[in-house]
Every structure is written in structure tokens, then in C-alpha cells.
Amino acid sequence: MAQYKGTMREAGRAMYLIKKRAKEREQMEVLKQRMADETILKSKVDKKFSAHYDALEVELKSSNVGLVTLNDMKARQEALMREREIQLARREQLEAQRLQLEVLRDKERKQEQKRQICSLSFTLDEGDEPDEGDEHEAEAAGRWRKTASKRKRNLGKDPDVDTSFLPDREREEEEDRLREALRREWEARREEVKREEIEVTFSYWDGSGHRRTVSMLKGSTVQQFLKKALQGLRKDFCELRAAGVEQLMYIKEDLILPHYHTFYDFIVTKARGKSGPLFSFDVHDDVRLRSDASLEKDESHAGKVVLRSWYEKNKHIFPASRWEPYDPEKKWEKYTIC
């Protein structure tokens with residue numbers, strides 16, 4: 001065989017061309033194989049459809065003998081197609097059931113193998129008489145199995161080492177259950193307190209006081225209180241007959257209380273105002289004379305129900321000049337009169 005003789009550059013070019021041709025040849029073979037597979041697949045699909053319709057056509061020809069009207073022919077063809085579809089659906093259902101049964105059998109077979117591998121037998125062979133040593137061994141094995149099943153979750157831990165600082169799922173779940181039980185108990189007590197009734201003494205203020213008393217629940221809001229108070233005041237004051245709840249203000253201890261706050265909010269937080277406590281809604285002596293808000297006392301004076309229009313006209317005159325919006329963050333160290 002003749003050998004190639006030339007420069008290194010030409011030899012490298014020849015090798016590159018040989019590799020390129022081999023790569024193109026491989027790509028051509030792959031394309032040929034792919035085209036052959038697609039041709040076979042298309043031929044199979046055509047055969048499936050042709051077999052299906054050929055079977056329908058044969059059955060239709062065998063069932064119709066003689067002269068048949070077009071409507072009868074169409075009806076018979078539709079009936080045969082429905083029957084064919086039912087048969088195909090039934091065949092698919094049976095195939096799916098068969099596959100499901102095979103999966104279940106495989107699962108049972110695997111479980112049985114695991115059970116046989118993991119099982120530990122201490123039974124005696126037939127014909128062997130048990131002696132005292134074998135009985136003691138069987139009892140010890142039974143006790144060991146019970147202990148191992150109880151301590152299976154703690155397997156691998158040293159009981160002599162303090163692990164309280166480590167994460168423990170069982171301990172955390174117990175704490176979560178206890179926390180949830182305490183939360184439910186607290187909510188039940190809170191709802192029970194909110195259902196308790198209190199007497200709210202107030203004065204409708206239009207420059208002079210007109211004292212009234214209503215019974216409310218501790219969980220009621222200021223808006224609900226004003227609505228109930230307005231129902232009792234409308235028959236005595238004509239200016240209130242066309243007024244709504246949103247036009248009224250409730251002033252307690254020289255503070256304008258928002259409509260969305262509840263009496264329970266002021267009671268549970270022991271809130272204080274400029275001239276007395278906000279957590280007591282009946283009337284006692286004037287606590288402003290003691291001038292000490294650090295003492296927890298339920299002595300207070302009546303709140304005022306005022307029309308917002310009256311307040312806008314007279315807010316520069318005492319006592320409206322002392323009133324200011326309620327701020328839960330603001331603390332009052334001493335009660336004042338002016």
C-alpha cells in the first residue's frame with residue numbers, strides 16, 4: 001500500500017477531511033433509520049384505522065340484506081359504531097384492571113419479602129422438646145422486642161447525656177398542644193367576660209348635662225353604645241331625631257373615644273384619662289380632687305354624649321377645650337381639672 005508523502009500541514013488537512021466524511025456518514029445513517037421508523041409507524045397507524053373501519057363495513061354488509069332505506073342504513077351504522085366504541089372501552093377497562101392487579105401483586109410480593117427478611121423467629125423446631133434454657137431465652141427475646149419497640153424513636157441517643165437543649169420533635173409537638181390548649185382557654189375566658197353586663201352612666205351634653213343609664217355588654221363597642229343611647233334620647237331631644245350614630249361623640253374623662261373601641265379594651269388594659277379612669281363607667285366621687293392617677297380605683301364620673309356639630313362650634317370653650325382624641329400610647333400620671 002502506498003504511503004502518503006507530503007508536508008505536515010497537508011497531512012493534517014487530510015485527517016480533518018477523513019473525520020468530517022465519517023461524521024457526515026454517521027449523520028446520514030441516523031437520518032435513514034429515523035425515516036424508516038417513521039414509515040413503519042405511519043403504516044401501522046393506517047392499518048389500525050383500516051382494520052377498524054373494515055370490520056365495521058363487513059359487519060354492516062352482513063347485517064343488511066336486500067333493499068334498505070338511507071335512514072335505516074345510517075341508524076344501523078351509528079349503532080354498530082356505538083357498539084364498537086363500547087367494546088373498545090370495555091377492553092381498555094379490563095386492561096387497566098389487569099395492570100392494577102399486577103401492581104398490587106408486585107407490592108404484596110415485595111412486602112412479603114421484607115417481612116420475611118425483617119422477621120425474627122424464636123420458635124422451636126417440631127420434635128424438639130423445650131428445656132428451661134430455651135424458655136428463658138424466649139422470654140428474654142420477648143422482653144427485648146417490647147423494649148426495642150418502645151424505644152425505637154430514641155434509637156441512637158445516649159440516655160445519660162442531657163439533650164434538652166437539642167431540637168426534639170416530640171417535645172415541640174407537646175408544647176404546641178399545650179400552647180393551643182392555653183390559647184383556647186384564654187379565648188373562652190375572654191368571651192365569658194365580654195358577655196358580662198355593665199351599667200353605663202352618661203350625660204347628653206348640650207351645654208348642660210342630662211343624665212341617663214343604659215345596660216351594655218363588656219364586649220360592646222362605643223358605636224353600639226351610642227346607637228342604644230340615641231334610641232332613648234330621641235324622644236326627649238328634637239335635635240337628635242334626625243341625627244345618626246356617626247354624628248355623635250362619646251367623651252370619657254376628657255378624652256374623645258373612637259367608635260371602634262370596646263368597653264372590654266379599656267377594662268382589660270386599665271386605661272386612664274386626663275381626669276379619671278376609663279375602665280369604670282358608673283359614677284362616684286370626683287377623683288380629680290385626689291390628683292393621683294397611680295392608684296387603681298374605680299371611682300369616676302359620667303361620660304358625655306355630644307353632637308359633633310355642637311363640639312365644632314364650642315371646642316374653644318370649657319369644658320370642650322380640654323377634650324382631645326384618645327391615644328393608647330399616651331400615659332397620664334396625674335388627674336387634672338384644668
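Sequence positions, counted from 1, serve as the residue numbers for this chain. Only this structure's heavy atoms are used, side chains among them; waters, hydrogens and symmetry mates stay out.
- Within a 6.0 Å radius of CD in Gln100, no more than 12 heavy atoms belonging to other residues, nucleotides or ligands are found.
- When the shell of 6.0 Å around CZ of Arg34 is examined, it contains 12 or fewer heavy atoms from other residues, nucleotides or ligands.
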Would you please test Glu95 and Arg98 for salt bridge (Lys or Arg N to Asp or Glu O under 4.0 Å) and show each step? CA-CA 5 Å; Glu95 184 68 19; Arg98 185 181 63 79; 2.2 Å; yes
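- Put simply, CG on Leu240 and CD on Gln247 are 9.5 Å apart, with the number rounded to the nearest 0.5 Å.
- When side chains are defined from C-beta on, Glu324 counts as touching Leu255, because their heavy atoms get closer than 4.5 Å.
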Walk me through it: do Leu217 and Thr262 pass the test side chain to side chain contact (heavy atoms under 4.5 Å, CB included)? CA-CA 9 Å; Leu217 299 177; Thr262 63; over 6 Å; no
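- Counting heavy atoms of neighbouring residues, nucleotides and ligands inside a 6.0 Å radius, atom CZ of Arg171 exceeds 12 of them.
- Ring geometry for Tyr326 versus Phe266: interplanar angle over 60°, hence perpendicular rather than tilted (30 to 60°).
- Distance NE2/His261 to OH/Tyr250: 13.5 Å, rounded to 0.5 Å.
- With respect to Asp236, the salt bridge (Lys or Arg N to Asp or Glu O under 4.0 Å) criterion is satisfied by exactly one of Arg241, Arg212, Arg211: Arg212.
- Glu174 has a carboxylate O that lies under 4.0 Å from a charged side-chain N of Arg177, or vice versa, which qualifies the two as a salt bridge.
- The side chain to side chain donor-acceptor pair (under 3.5 Å) with Glu187 is formed by just one residue from the set Arg184, Arg190, Arg183; it is Arg183.
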Sequence neighbours excluded and cut-off under 3.5 Å, please list the side-chain donor-acceptor pairs for residues 222-229, or say none.
| residue | atom | partner | partner atom | Å |
| --- | --- | --- | --- | --- |
| Gln224 | OE1 | Thr221 | N | 3.1 |
| Lys228 | NZ | Ser215 | O | 2.7 |

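- In this structure, Phe263 CZ and Lys252 NZ are separated by 9.5 Å, a value rounded to the nearest 0.5 Å.
- Side chain of Gln87 to backbone of Arg84: no donor-acceptor contact under 3.5 angstrom is found.
- Clustering ILVMFWY residues whenever any of their side-chain heavy atoms sit less than 4.5 angstrom apart, transitively, puts Phe237 in the very cluster that holds Trp310.
- With values rounded to the nearest 0.5 angstrom, Lys330 atom NZ is found 7.0 Å from Lys274 atom NZ.
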Tyr311 and Ile256: side chain to side chain contact (heavy atoms under 4.5 Å, CB included), yes or no, with the steps? CA-CA 11 Å; Tyr311 171 72; Ile256 304 171; 4.0 Å; yes
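- A side-chain donor-acceptor contact under 3.5 Å links Arg234 to the backbone of Ala243.
- With values rounded to the nearest 0.5 angstrom, Leu230 atom CG is found 8.5 Å from Leu307 atom CG.
- For the atom pair Asp254 CG and Leu278 CG, the distance stands at 10.0 Å (nearest 0.5 Å).
- In this structure, the side chains of Gln111 and Lys107 come closer than 4.5 Å at one or more pairs of heavy atoms.
- Heavy-atom contacts from other residues, nucleotides or ligands closer than 6.0 Å to CD of Glu192 number 12 or fewer.
- Using a 4.5 Å heavy-atom threshold, the side chains of Lys304 and Trp323 count as touching.
- Taking 4.0 Å as the cut-off between side-chain N and carboxylate O, Arg189 and Glu185 count as a salt-bridged pair.
- No path of Ile, Leu, Val, Met, Phe, Trp and Tyr side chains, each step under 4.5 Å between heavy atoms, connects Tyr264 with Leu257, placing them in separate hydrophobic clusters.
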